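These notes concern the structure reproduced below.
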Amino acid sequence: MNTKQIEEKWQKIWLNNHYFEAQNNSDSDKEKYYILVEFPYPSGSGLHVGHVRSYSALDAMARMKRMQGYNVLFPMGWDAFGAPAEQYAIKNHIYPADAVKENIKTFKSQIMSLGLSFDWQREFSTTDPEYYKWTQWQFLEFYKKGMAYKAEKEINWCPTCKTGLSNEDAAGGVCERCGSPVTKKLKSQWILRMSDYAEKLLDGLKDTEFEERIKVAQINWIGKSIGAEVDFKLKDTEDVLKVFTTRCDTLFGVTFMVVSPEHALLKKYANKIKNLKEVESYQKEAASKSEIERTDVSKEKTGVKIEGLTAINPVNNEEIEIWISDYVLASYGTGAIMAVPAHDERDYAFAKKFNIPIIPVIEGGSITEEAYTLDGTHINSGFLNGLNKEEAINKMLVYLEEHKIGKKTTNYRLQDWIFSRQRFWGEPIPMIYCEKCGWVPVPETDLPVLLPKVAHYEPTDTGESPLANITDWVNTTCPKCGAPAKRETDTMPNWAGSSWYWLRYMDPHNDKEFVSRDALNYWGMVDYYNGGMEHATRHLLYARFWHQFLYDQGLVPTKEPFKKRVAHGMILGSNGEKMSKSRGNVINPDDMVKLYGADALRCYELFIGDYEKDAAWSDFGLKGCKRFLDRVERLKTKVIDNSTYSPKLENIIHKIIKKVTNDLSTMKYNTAVSSLMILTNAYEEQESITTKDYQTLLVLLNPIAPHITEELNEQIGSKTKIVEMTWPTFDEEKTIDNELTIGIQVNGKLRGEVTISTDETEESIKNKALNNENVKRHLENKEIIKIIVIKGKIVNIVVK
RNA sequence: GCUUAUGUGGCGGAAUGGUAGACGCACCAGACUCAAAAUCUGGCGAGGGCAACCUUGUGUGGGUUCAAGUCCCACCAUAAGCACCA
């Protein structure tokens with residue numbers, strides 16, 4: 001069979017007959033089903049076999065659901081703003097928009113060649129002005145509700161990409177794109193108040209059915225911790241030094257305070273600090289270090305004692321020294337801590353190095369003794385003496401609130417979203433700065449703010465976006481007062497466009513609103529959302545935050561965007577390592593399609609292993625799947641015209657229908673394929689099979705190998721295309737074997753087997769088991785204590 | 001260090017507490033062929049036995065059960081996420 005020829009033939013038929021276009025029809029008696037696979041970044045290197053895995057998987061599900069009578073939305077589009085496209089353009093001396101266009105063309109034709117049932121009528125790219133108009137519009141919604149603000153802030157800065165990064169883009173202290181160590185830079189940035197949504201993002205997980213590992217990744221990233229804020233008076237000032245602690249019960253053990261190098265009080269009381277030079281040089285040193293250097297756990301503690309500033313412990317009025325050290329982070333809590341060296345490893349290390357006193361406040365809990373616990377009885381702690389951890393915390397909280405020196409607080413690791421990028425290839429942030437009016441949003445009627453045509457779009461060394469140089473674009477008038485004003489020249493991060501794209505698929509051609517209310521109500525939540533693990537704490541968090549915000553504005557009807565999120569495992573090279581050009585282990589899906597056909601490739605990638613786990617590529621495995629499809633084809637010579645199941649095969653067919661149906665709905669693709677192989681093996685053993693036998697196999701296999709099955713179905717004379725058929729159903733009763741072989745154990749060890757019928761009595765099964773020759777031998781000279789008969793499963797004879 | 005997973009043949013991997021290794025790959029033997037490829041048939045955890053069979057076996061050590069890959073406890077290893085987060 002010429003795979004190329006039949007693939008093209010059927011792809012054309014499917015496209016021309018609009019089989020895969022979803023209908024926005026709430027009157028339809030069909031139930032909706034929304035299957036979403038992360039839209040790709042159309043990079044210059046083309047489609048990866050990893051894409052093929054998840055696309056084939058979700059395609060199989062979509063095709064089955066359609067045959068089951070659902071109105072399935074299974075869209076595809078392009079996430080094309082951001083650094084990779086820009087770098088590709090710079091390297092190849094093409095305008096980014098043209099580069100993107102070119103890459104999309106390649107990607108699309110590659111995807112098309114796999115016969116995936118995407119609804120192409122809903123395709124869009126985040127770089128389309130018709131799309132990013134609404135991304136900008138939604139940014140303005142954030143702005144209008146006070147959820148977007150511009151502020152000067154120490155942000156993560158990538159010196160290689162020459163742009164600011166969000167906390168998520170700088171995870172682990174390295175730039176997500178290029179791997180360079182991230183530095184800090186004080187810069188005025190647009191920021192979204194994502195931390196306001198920390199609790200909602202945590203809480204909302206309860207309404208989802210995400211995979212556990214994805215939930216865990218999100219929970220870790222949000223990093224909730226419950227504790228208390230405590231105010232320490234700064235001696236001889238009106239100010240307090242506010243700290244966050246999860247162990248306010250150890251307040252009596254505080255022997256020093258530590259503030260981060262960036263702490264605001266240092267500036268305010270500079271005139272009081274006697275060793276200001278020393279403090280400032282420490283600050284400078286800290287600023288010059290990269291995030292990685294600063295947060296290296298193994299590094300020895302450094303710090304400077306601040307002379308001239310001391311704090312007062314609010315529970316015993318003792319005067320406490322204040323230190324500055326980079327082990328305290330400005331970005332977490334209040335940027336200052338109370339140090340309890342007796343019961344905190346880091347404080348202990350610091351105290352030891354600088355000879356600061358250590359006061360134990362929990363019995364048997366000193367860190368100086370090897371095995372220390374934090375849960376003993378309180379000592380040296382005034383009114384907390386004799387209490388355990390929980391009692392002491394509660395009593396201290398009451399004390400703090402009564403004396404108005406502190407309160408119970410919750411802190412999150414999650415920070416606000418740094419939303420500005422100093423790059424050309426992104427959505428312009430639709431804001432205008434006027435000397436008189438300050439920041440003024442671009443009026444809705446003037447959206448989209450288009451990216452201008454420019455000659456140079458390389459990042460600059462000035463820390464400003466390349467757009468800043470386009471004076472006739474930058475210079476505009478204030479929408480409020482008409483005076484000369486300047487446009488914001490920073491652009492949005494790559495994650496902006498992907499933070500709402502699933503909504504746009506519901507109504508992609510709407511030029512009046514970002515999506516119509518009708519479409520939103522009809523499609524609701526995405527039922528199945530597939531994407532890589534690498535997005536568990538970035539895209540998925542941003543998208544949920546964005547959606548939750550829209551929900552709070554009444555713009556979308558559901559709290560959470562995605563019902564179920566699943567993550568596919570990676571396809572590794574045949575050597576078990578990640579595929580990369582430098583390792584020389586990259587498999588190009590185009591080559592595989594050419595050699596073995598799209599169906600074999602799809603089948604193999606589903607069969608390769610547990611969908612959620614990584615799997616190493618094997619050419620042999622792919623050949624095996626090709627062989628399987630060839631065997632299915634050869635079966636057609638055995639077909640005799642008959643529209644009922646062969647009596648001999650009926651039982652197994654019903655079983656396999658049940659198995660494949662379940663497996664395809666629960667992402668157990670590998671066992672779905674193996675069941676179909678088992679069915680094929682059973683057919684091969686027959687002299688002949690009926691049309692219905694064969695057609696059922698073809699329909700079950702169709703979601704996995706759509707081209708060849710359609711072709712074979714046509715070849716055996718079917719007038720109806722599989723795509724127009726309904727999914728086979730099974731009869732539970734017919735999945736039960738009327739005769740089966742079960743094992744006989746003696747003392748739990750298998751000693752024989754016995755064939756029984758479904759309605760056989762327990763007595764009869766016992767007799768058969770006891771009469772088995774080999775079993776008899778094992779019963780010689782033994783006393784039978786008990787015979788356990790589990791119907792349809794096993795017989796176990798317990799002897800002494 | 002904390003959190004969450006996962007440990008099964010030569011390999012990918014199957015097994016609602018009930019015959020471990022389905023299915024596939026690789027490999028071995030045979031058939032077809034002048035030959036090769038393709039295809040077909042058979043074998044394939046380890047050890048023993050001519051055989052019937054027997055012993056052993058799902059990371060390690062315990063436990064629960066008539067019965068444990070599966071449940072419980074401890075440990076070891078690997079992976080992922082977080083990590084000087086107070």
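Note that these values count all heavy atoms, side chains included, but never hydrogens, waters or copies made by symmetry. All of these numbers come straight from a predicted model, not from anything done at the bench. Within every chain, numbering begins at 1; the chains are lettered A, B, ... in the order of the sequence lines, protein sequences first and strands thereafter.
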Under a plain distance cut-off of 3.5 Å, with no hydrogens placed, do [Y] and [X] share a side-chain donor-acceptor pair?
X      : Y      : result
A:N575 : A:R583 : no
A:E38  : A:H535 : yes
A:E168 : A:W495 : no

Between [N] atom [atom2] and [X] atom [atom1], what is the distance in whole Å?
X      : N     : atom1 : atom2 : result
A:K786 : B:U65 : NZ    : P     : 11 Å
A:N167 : B:C82 : CG    : P     : 11 Å
A:R777 : B:C53 : CZ    : P     : 8 Å
A:Y412 : B:C82 : OH    : C1'   : 18 Å
A:E783 : B:C66 : CD    : C1'   : 15 Å
A:N220 : B:G1  : CG    : P     : 17 Å
A:K623 : B:A37 : NZ    : C1'   : 11 Å
A:L329 : B:C82 : CG    : C1'   : 14 Å

Looking only at atom [atom1], what distance separates [N] and [M], rounded to whole Å?
N     : M     : atom1 : value
B:A80 : B:A74 : C1'   : 24 Å
B:U55 : B:G49 : C1'   : 11 Å
B:A83 : B:C73 : C1'   : 29 Å
B:G21 : B:G10 : P     : 16 Å
B:U33 : B:U39 : C1'   : 12 Å
B:G30 : B:A67 : P     : 47 Å
B:C72 : B:G12 : P     : 26 Å
B:G7  : B:U16 : P     : 13 Å

Handout entry: Sidechain N-carboxylate O distance under 4.0 Å for A:E262, A:K184
Key =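 A salt bridge is absent here (no side-chain N lies under 4.0 Å from a carboxylate O).
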
Practice task
Could you check whether A:D326 gets within reach of a base, just the sugar-phosphate, or nothing at all, counting any heavy atom under 4.0 Å?
Solution key: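 Since a base atom lies under 4.0 Å of A:D326, the category is base.
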
Practice task
Using a heavy-atom cut-off of under 4.0 Å over every strand shown, decide if A:G223 touches base, sugar-phosphate, or nothing.
Solution key: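 No contact at all - A:G223 keeps every heavy atom at 4.0 Å or more from the nucleic acid.
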
Exercise for the section: Please list all pairs passing the salt bridge (charged side-chain N to carboxylate O under 4.0 Å, His left out) test where one or both residues lie in residues 790-800 of chain A, with sequence neighbours left out. Expected result: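 Listed by first then second residue: nothing to list.
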
Practice task
Keeping to residues at least two apart or across chains, list the salt bridge (charged side-chain N to carboxylate O under 4.0 Å, His left out) pairs with something in residues 654-674 of chain A.
Solution key: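 Every pair satisfying salt bridge (charged side-chain N to carboxylate O under 4.0 Å, His left out) with a residue in residues 654-674 of chain A: A:K655-A:D737, A:K658-A:E732, A:K659-A:D663.
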
Exercise for the section: Identify whether the glycosidic angle of B:G69 places it syn (within 90° of 0) or anti. Expected result: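 Judged by the O4'-C1' to base torsion, B:G69 sits in anti, the angle falling more than 90° away from 0.
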
Practice task
Could you pull out all residues at least two apart from A:A600 that satisfy side-chain contact (heavy atoms from CB on, under 4.5 Å)?
Solution key: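 In terms of side-chain contact (heavy atoms from CB on, under 4.5 Å), with neighbours along the sequence ignored, A:A600 is linked to A:Y596, A:L622, A:K626, A:L629.
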
Pick out the pairs of N or O atoms, protein on one side and nucleotides 38-46 of chain B on the other, that lie under 3.5 Å.
| residue | atom | partner | partner atom | Å |
| --- | --- | --- | --- | --- |
| B:U39 | O3' | A:R634 | NH1 | 3.3 |

Practice task
May I ask you to evaluate whether A:R413 reaches the phosphate of B:C2, defined as a side-chain N or O under 4.0 Å from OP1 or OP2?
Solution key: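 The answer is no; no side-chain N or O of A:R413 sits under 4.0 Å from OP1 or OP2.
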
Problem - Short side-chain N/O contact to B:C54 OP1/OP2 from A:H778, under 4.0 Å - result: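 For B:C54, OP1/OP2 do have a side-chain N/O of A:H778 under 4.0 Å.
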
Exercise for the section: Using side chain to side chain contact (heavy atoms under 4.5 Å, CB included) as the criterion, point out the one residue from A:V230, A:I320, A:T255 that pairs with A:N313. Expected result: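 For A:N313, the side chain to side chain contact (heavy atoms under 4.5 Å, CB included) test succeeds with only one of A:V230, A:I320, A:T255, which is A:I320.
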
Problem - Matching residue for A:F210 among A:L205, A:V566, A:V216 - test: side chain to side chain contact (heavy atoms under 4.5 Å, CB included) - result: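 Checked A:L205, A:V566, A:V216 against A:F210; only one passes side chain to side chain contact (heavy atoms under 4.5 Å, CB included): A:L205.
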
Exercise for the section: State which residues pass salt bridge (charged side-chain N to carboxylate O under 4.0 Å, His left out) with A:K224; sequence neighbours excluded, sorted by chain then number. Expected result: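 Partners of A:K224 by the salt bridge (charged side-chain N to carboxylate O under 4.0 Å, His left out) criterion, ordered by chain and then number, come out as A:E199.
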
Handout entry: Per-nucleotide protein contact string for nucleotides 4-22 of chain B (B base, S sugar-phosphate only, - none; heavy atom under 4.0 Å)
Key = S-------BSS-B-BB--B

Exercise for the section: Kindly assign one of parallel, tilted or perpendicular to the pair A:W617 and A:Y604, based on the angle between their ring planes and the thresholds 30° and 60°. Expected result: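 A:W617 and A:Y604: perpendicular rings.
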
